[in-house]
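The chains referred to below are lettered A, B, ... by the order of the sequence lines, with proteins before strands, and numbering in each begins at 1.
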Amino acid sequence: MAGRESEGGRLLEREPSGPMKFKILAFLLTAAASVTLLAFGLFRGEFVKALVNGALL
Amino acid sequence: MRRRVYQALGAVLPNAYVQGFLSATLYQGTLKGVCTPLFNCHACPSALFSCPIGTMQHFAATGKVPFYAAGTVAVVGASVGRMTCGTLCPFGFLQDILYKIRTWKGRLPGWASTLRYAALAVLVLLVPALTHVHWFSRLCPMGTLGAGLPWVTMSGSVRAMIGSLFWVKIGILLLFVTSSVLVKRPFCRASCPLGAIFSLFNRSSFLQLAWNPDTCTRCGKCQKICPVDIRPDYNPVNPECLRCWDCTRCPSLKMTTVLTRNPFGLPGMAEGRGAEVLPGTPAG
């Protein structure tokens, strides 16, 4: 248990705020790229093409 | 138990067009334009929504880039990672139920998880783009279960078209059904192209799994209850993780978000604890 605590302690010491900021940045970039992709697809009228394909028209 | 309710809803609600079975017709309303983040065949008589993989494949076969379908999957992935695989997917639900059957149990080799990326790249995108034929849909076990078998049962004209490909499809379905009894979620881990896309988002999604190294005893119970047989304590952002949250029954694992600074509310902890891999531990 003491070993685990020291492992956790080392992790805490090595990690001030960098990984947290990196995670938020990574999420924001991913979310922005995903929304852009979806919006561009909708702008190109792909919703109707998906409907036509899905309904096997 | 709550996850089973969600999974049942994930199986029933996207297939709520019961009239399709009664009149042997497909739903052709506006909802069919919406891609569900689930592995649910849009050729099923009762399907209300489109399959994102089927839509991507259709675009690839017609030489176009599937921005809308990929964007829909990406938005869901960026929000919850692979959570829809673990909590809503009907085919995942079926595999979970089949694994409950008491018999000899085995394990899938680690390299098998790379096959789903190959299925996405080759069968969903590359081969349809080159041959203009929807090869993944032709072989998809969910398509056979949700569309092939019902249509063959309901329609004499479809029955008359049965050829060797139909029996190949049945064989693939039987392979995954029987292997689901023996190993945890073989299709999700080794073949699902939708899961392959969602896997890419586990590391950067809004919802995250946090792990507390100070309270974890490394007992391995999390792996026993995990539907994909991984150790979340080795790597909480594992691309295999379905975000089913079953392992959060253990107090050392918790559902959190990228914005949560101290998911376990531990005193004196700096920001960013949790969702981390301990140095020196093998990637799960």
(message) Using side-chain contact (heavy atoms from CB on, under 4.5 Å), reason through B:L209 and B:K254 one step at a time and then give a plain yes or no.
(response) CA-CA 6 Å; B:L209 180 67; B:K254 192 174 183 181; over 6 Å; no
(message) We want to know whether B:S137 and B:Q57 form a side-chain donor-acceptor pair, criterion being a heavy-atom distance below 3.5 angstrom.
(response) yes
At a heavy-atom separation under 4.5 Å, does [X] approach chain A through its side chain, its backbone, both, or neither?
X: B:L26; value: side chain
X: B:T30; value: both
X: B:S50; value: side chain
X: B:P52; value: neither

(request) Return the option, out of A:F40, A:F27, A:F43, with the maximum number of heavy-atom pairs under 4.5 Å with chain B. (result) A:F27
(request) Name the member of B:V65, B:V75, B:T72, B:T62 that forms the most heavy-atom pairs with chain A at distances under 4.5 Å. (result) B:V75
(request) Considering only heavy atoms and a distance below 4.5 Å, find which of B:F201, B:Y27, B:F59 pairs most often with chain A. (result) B:F59
(message) Quick check against the 3.5 Å criterion: does B:N202 have a side-chain atom that pairs as donor or acceptor with the backbone of B:R82?
(response) yes
(message) Closer than 3.5 angstrom, by distance alone: can the side chain of B:K169 be matched with the main-chain N or O of B:R138 as a donor-acceptor pair?
(response) yes
(message) Checking B:R243 against B:T84 for the side-chain contact (heavy atoms from CB on, under 4.5 Å) test, could you report, in this order, the C-alpha distance in whole Å, the side-chain angles of both residues, the deciding distance, and whether it holds?
(response) CA-CA 8 Å; B:R243 298 281 188 259; B:T84 55; over 6 Å; no
(message) What verdict does the side-chain contact (heavy atoms from CB on, under 4.5 Å) test give for B:V80 and B:S205, after you've listed the backbone C-alpha separation in whole Å, the side-chain angles of each residue and the deciding distance to 0.1 Å?
(response) CA-CA 6 Å; B:V80 297; B:S205 64; over 6 Å; no
